[in-house]
Amino acid sequence: MQQVLNDLRWLGIDWDEGPEVGGPNGPYLQSQRLDIYRSYAERLVREGKAYYCFDTVEELTVLRDKAEAAKQGFAYTRPAVLPDEKDVARARAEGRPVAIRFAVNAPQGFVVDDLIRGKVRFGPAEVGDFIIIKSDGFPTYHFAVVIDDELMKVTHVIRGQEHLMNTPCHQALQDALGFRRPAYAHMSVTVSDSGGKLSKRERPVTLRKAIEKNAAADRAALAAAGGISAENLDGFLRGESMPDMPAVDAMARQLGVELPEINIVDFFRSGYIPETMVNFLGFLGFNPGGEREILRREELVSVFDIHRLTKANSLFDRKKLSSFNTEHIKMCTPETLLAHFKMFLAQTGSPLQKADDAMLSRMLHCCLGARTLAEIERKCRFVSADDDAIEFDPSAVEKVLRKDGGAATLPLVARRLGELKEVTAEAIEQVLRGLAEEKQVGLGKVAQPLRVAITGTTISPPIFDAVDMLGMDRTLKRIALAVRRFGTETNG
RNA sequence: GCCCCUAUCGUCUAGAGGCCUAGGACGCCGGGUUCUCAUCCCGGUAACAGGAGUUCGAAUCUCCUUGGGGGUACCA
C-alpha cells in the first residue's frame with residue numbers, strides 16, 4: 001500500500017483526494033470503513049436481499065468438484081428457506097463459520113456495458129449468490145468496491161480485464177442497494193516477455209533458476225545475504241516458499257544476477273526515469289493514433305481518450321522501454337535530469353554521491369544517449385574511485401595495454417598532458433590529437449591506452465572529458481600507476 | 001469442465017468496406033559518422049492466424065476452427 005503511494009508520487013501522479021491527502025469522502029482506508037460495510041450488509045439481510053450462510057470451505061469445495069465432474073458451471077444453491085437469527089445463533093454455538101451471501105436476482109441475465117468492449121452479456125445462471133461479508137466480519141472486495149464507488153461518487157471504474165466477469169455481481173449489488181452505476185472500462189492485461197502475465201512472482205522465480213544453474217554458489221553465504229535461514233533457502237529452492245522482496249533482492253545482488261523489473265521501484269533502481277515510465281506505461285494498451293510515440297506527461301494527458309484503449313493483451317517489451325528512456329533522458333531539462341540522477345545515486349548507494357552538482361551535471365551532459373542512469377553511473381564511476389584502487393578489466397588490459405602495446409605510449413602521453421598550462425577538455429583534445437598525428441596513428445591508439453589507464457575499462461565518456469573530469473593530477477597519478485603495473489612486462 | 005475477452009510485421013501498434021502495393025515505432029540486418037560505449041545519419045527485412053460466408057469490393061461485417069489471455073474463492 002505504502003509502496004504503491006510512493007510509486008505514484010515518483011511517477012509524478014498525484015490525487016485530489018484519498019490516502020495521505022484526505023478529502024470530503026473519507027475515510028479512504030477500508031479498514032476504517034468496516035462499520036459502513038456492515039450496516040449496508042445488515043440492511044440487505046433485513047430486506048431479504050442477502051442471507052446468512054454457514055458452509056465450510058471444505059463443503060463448498062465438494063460442491064464445486066461435483067459440478068465440474070458433471071461438466072457444469074458452479075453456482076451456489078440458495079436454500080428454500082432463508083436462515084433466521086436462531087439459525088445464526090445455533091451455527092455460532094456449533095462453531096460453524098457465519099458469512100453473509102448476496103441473493104442474486106436477475107432472471108434475465110446481465111449486460112455489462114463496457115467502454116472498451118461494448119455490451120457483454122452473461123446468462124442468469126452465470127452469477128450465483130456470492131459472499132459479501134466473510135466469516136471474519138470483513139467485506140469481500142466485491143462488496144467493498146460497490147459501497148465505496150457509491151459513497152465516494154466514483155464515475156468511472158477503469159480496471160484490469162480480470163474484473164470483467166465480476167462486474168455483473170457489482171451491478172446486481174448496485175441495483176439491490178439503489179445505487180447509481182459508474183461507467184466501466186476493462187483494460188487489457190500486460191504480459192511479460194518471459195511468458196505469462198507480468199507478475200511479482202517473476203523475480204523470485206528468476207532468482208531460483210539462477211541459483212539452480214549456478215551449482216557452485218555458496219548457499220550459506222546466499223542465505224546470510226538474504227537474511228534467511230538455510231532451511232528457508234532450501235524450502236525456496238524446492239518451490240515451497242517465497243522469501244520477501246528485500247531478501248530476494250539481496251540474494252540476487254550476492255549472486256550477481258539481474259532480476260526482471262516488475263514493480264515501479266525496480267525500474268527506478270535500474271535507472272529509468274519517471275517520464276519514461278509514464279509514457280511507456282501509458283502506451284501499453286493505449287494508442288492515440290498519431291505517429292508520435294515519445295510524449296511528455298502533459299501531452300499524454302491531453303491526447304488520452306478512454307475509447308482508444310486497445311482490446312488485446314500487450315507484451316511488455318523491455319527493449320522498447322529502454323529506447324524510450326534514451327529519448328526522455330535527452331528531453332529532460334538539465335535540472336530535472338540532475339535531480340533524477342541524484343535520487344538514483346542515493347537509492348543505489350553509488351560512490352558518485354560524493355560528487356558535486358557541477359560534476360554530476362557534466363557527467364550527464366557527456367553521456368546523453370545512454371539507455372539508463374545506471375549506464376551513466378557505471379561509465380562515470382571511475383571519477384570517484386581511489387586512484388590506487390582502480391578495478392582493471394583483465395581483457396581490456398590484455399588487449400589495449402599489452403597486446404597492442406598501449407602501455408608503451410603512456411609515458412609520452414603523460415609528459416605532454418603534464419606540460420599543459422590550462423587544463424580544459426579542448427586543450428586535452430589538442431594534445432592528444434597532436435600526439436596521434438605526430439606518431440602517424442589513429443586517435444584510438446592514444447586514447448584507448450589512456451582510457452584503460454585511468455578508468456580500468458574500455459568504456460568511458462569521451463576521453464577528453466574523462467581526463468578533465470578526473471583532473472590532471474589524478475590522471476597523471478593513474479597513468480604512472482598503470483605504467484608501473486603493466487608497462488615493464490611489455491617492454492621486458 | 002464451464003464462462004468471458006481477444007487475434008495486423010519478432011514486439012507495441014495505425015487501420016472503423018474502396019485512400020492498403022497495409023503506415024509508424026522498437027528490435028533485427030547492412031552501410032556511414034566516431035577516441036571507447038552509446039548517440040546520430042542512411043538503407044533493408046518483416047504482418048492482416050486458417051476456413052466459410054455477406055458485398056461490385058473486406059485487414060475492416062457475420063459464422064466456424066485454431067491460437068493467446070482471463071475468470072471460475074469467505075484474494076483482490
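By convention in this document, chain letters (A, B, ...) are assigned in the order of the sequence lines, proteins followed by strands, and residues within each chain are numbered from 1. Computed from a prediction, not measured in an experiment: that's the story for all the values here. Scope of the values below: all heavy atoms of this structure, side chains included, with no hydrogens, waters or symmetry mates.
Here, B:rA14 and B:rG30 have their C1' atoms 27 Å apart, quoted to the whole Å. Look at the P atom in both B:rC48 and B:rG32: the space between them is 34 Å, to the nearest Å. Of the P atoms belonging to B:rG17 and B:rU60, the separation is 12 Å, rounded to the nearest Å. Distance noted for atom P between B:rA16 and B:rC2: 38 Å (whole Å).
A side-chain N or O of A:Asp148 and one of A:Tyr37 form a donor-acceptor pair less than 3.5 Å apart. A donor-acceptor pair shorter than 3.5 Å cannot be found between the side chains of A:Gln171 and A:Asp175. The closest side-chain donor-acceptor pair between A:His163 and A:His186, if any, does not fall under 3.5 angstrom. Of the N and O atoms on the side chains of A:Arg33 and A:Gln30, not one donor lies less than 3.5 Å from an acceptor on the other residue. At a cut-off of 3.5 Å, with distance as the only test, no side-chain donor of A:Gln161 or A:Ser188 sits close to an acceptor on the other residue.
Pair assignment for B:rC9 gives none, since no Watson-Crick or G-U wobble pairing has each distance under 3.5 Å. The partner of B:rA49, taking Watson-Crick or G-U wobble pairs whose two distances both stay under 3.5 Å, is B:rU65. In this entry B:rC19 has no Watson-Crick or G-U wobble partner, no candidate having both defining distances under 3.5 Å. Nucleotide B:rA59 has no partner under the Watson-Crick or G-U criteria, as no pair reaches both atom distances under 3.5 Å. Both distances falling under 3.5 Å, in either a Watson-Crick or a G-U wobble arrangement, place B:rG1 opposite B:rU72. The nucleotide B:rC29 finds its pairing partner in B:rG43, both defining distances of the Watson-Crick or G-U wobble pair being shorter than 3.5 Å.
Residue A:Arg451 is in base contact, counting any heavy-atom pair closer than 4.0 Å across all strands shown. Residue-level contact check: A:Arg159 touches neither bases nor backbone, having no heavy atom under 4.0 Å from any strand. Within 4.0 Å (heavy atoms only), A:Arg64 reaches sugar-phosphate atoms of the nucleic acid but no base atom. Within 4.0 Å of A:Glu327, counting heavy atoms only, lie sugar-phosphate atoms of the nucleic acid but no base atom. In this structure, A:Lys71 reaches the sugar-phosphate backbone alone: every heavy-atom distance under 4.0 Å involves primed, P, OP1 or OP2 atoms, never a base. At a threshold of 4.0 angstrom between heavy atoms, the contacts of A:Glu126 are confined to the sugar-phosphate backbone, with no base atom among them. Residue contacts for A:Ser323: at a heavy-atom cut-off of 4.0 Å it reaches the sugar-phosphate backbone alone, with no base atom in range. Counting any heavy atom pair closer than 4.0 Å across all strands shown, A:Thr457 reaches no nucleic acid atom. Among the heavy atoms of the strands, none lies under 4.0 Å from A:Gly442. Among the atoms of the strands shown, only primed sugar atoms or phosphate atoms (P, OP1, OP2) are found under 4.0 Å from some heavy atom of A:Ser314. Within 4.0 Å of A:Val120, counting heavy atoms only, lie sugar-phosphate atoms of the nucleic acid but no base atom. Contacts of A:Lys445 with the nucleic acid, taken as non-hydrogen atoms under 4.0 Å apart, are absent. Within the 4.0 angstrom heavy-atom criterion, no nucleotide atom of any strand lies near A:His186. Contact annotation for A:Phe280: no contact, since no heavy-atom pair falls under 4.0 Å across all strands.
In the set B:rC4, B:rC35, B:rA7, B:rA7 carries the atom at the smallest distance from any side-chain atom of A:Ala312. Nearest to the side chain of A:Glu375, among B:rC74, B:rA76, B:rA38, sits B:rA38. Candidate nucleotides B:rG69, B:rC4, B:rU6 were compared by shortest atom distance to the side chain of A:Asn313, and B:rG69 ranks first. If you check B:rG71, B:rU36, B:rG24 against the side chain of A:Gln448, the one that comes closest is B:rU36.
Note: CD (A:Gln161) to P (B:rU72) measures 13 Å, nearest angstrom. Following rounding to the nearest Å, A:Met187 (CE) and B:rU6 (P) show an atom-to-atom distance of 15 Å. At whole-Å resolution of the value, CG in A:Leu63 and P in B:rA73 are 11 Å apart. Separating the NZ atom of A:Lys319 from the P atom of B:rA38 is a distance of 13 Å, rounded to the nearest angstrom. Between the CG atom of A:Asn279 and the P atom of B:rU13 there is a distance of 14 Å, rounded to whole Å. Between A:Glu293 atom CD and B:rG24 atom P the separation is 12 Å, expressed in whole Å. Across the protein-nucleic acid pair, A:Phe464 atom CZ and B:rC37 atom P stand 14 Å apart, rounded to whole Å. Atom CG in A:Asn325 sits about 14 Å away from atom P in B:rC26, given to the nearest Å.
Within a 6.0 Å radius of CZ in A:Arg43, more than 12 heavy atoms belonging to other residues, nucleotides or ligands are found.
Below the 3.5 angstrom threshold, one finds a donor paired with an acceptor across the side chain of A:Lys320 and the base of B:rC12.
When the nearest nucleotides of RNA chain B are assigned to A:Leu443 and A:Met165 by heavy-atom distance, the more 5′-ward of the two goes with A:Met165. If you find the closest nucleotide of RNA chain B to A:Pro461 and to A:Tyr141, the one lying nearer the 5' end belongs to A:Pro461.
In this structure, CZ on A:Phe130 lies 7.0 Å from OG1 on A:Thr140, to the nearest 0.5 angstrom.
A:Tyr272 has its ring centre no less than 6.0 Å from the ring centre of A:Phe344.
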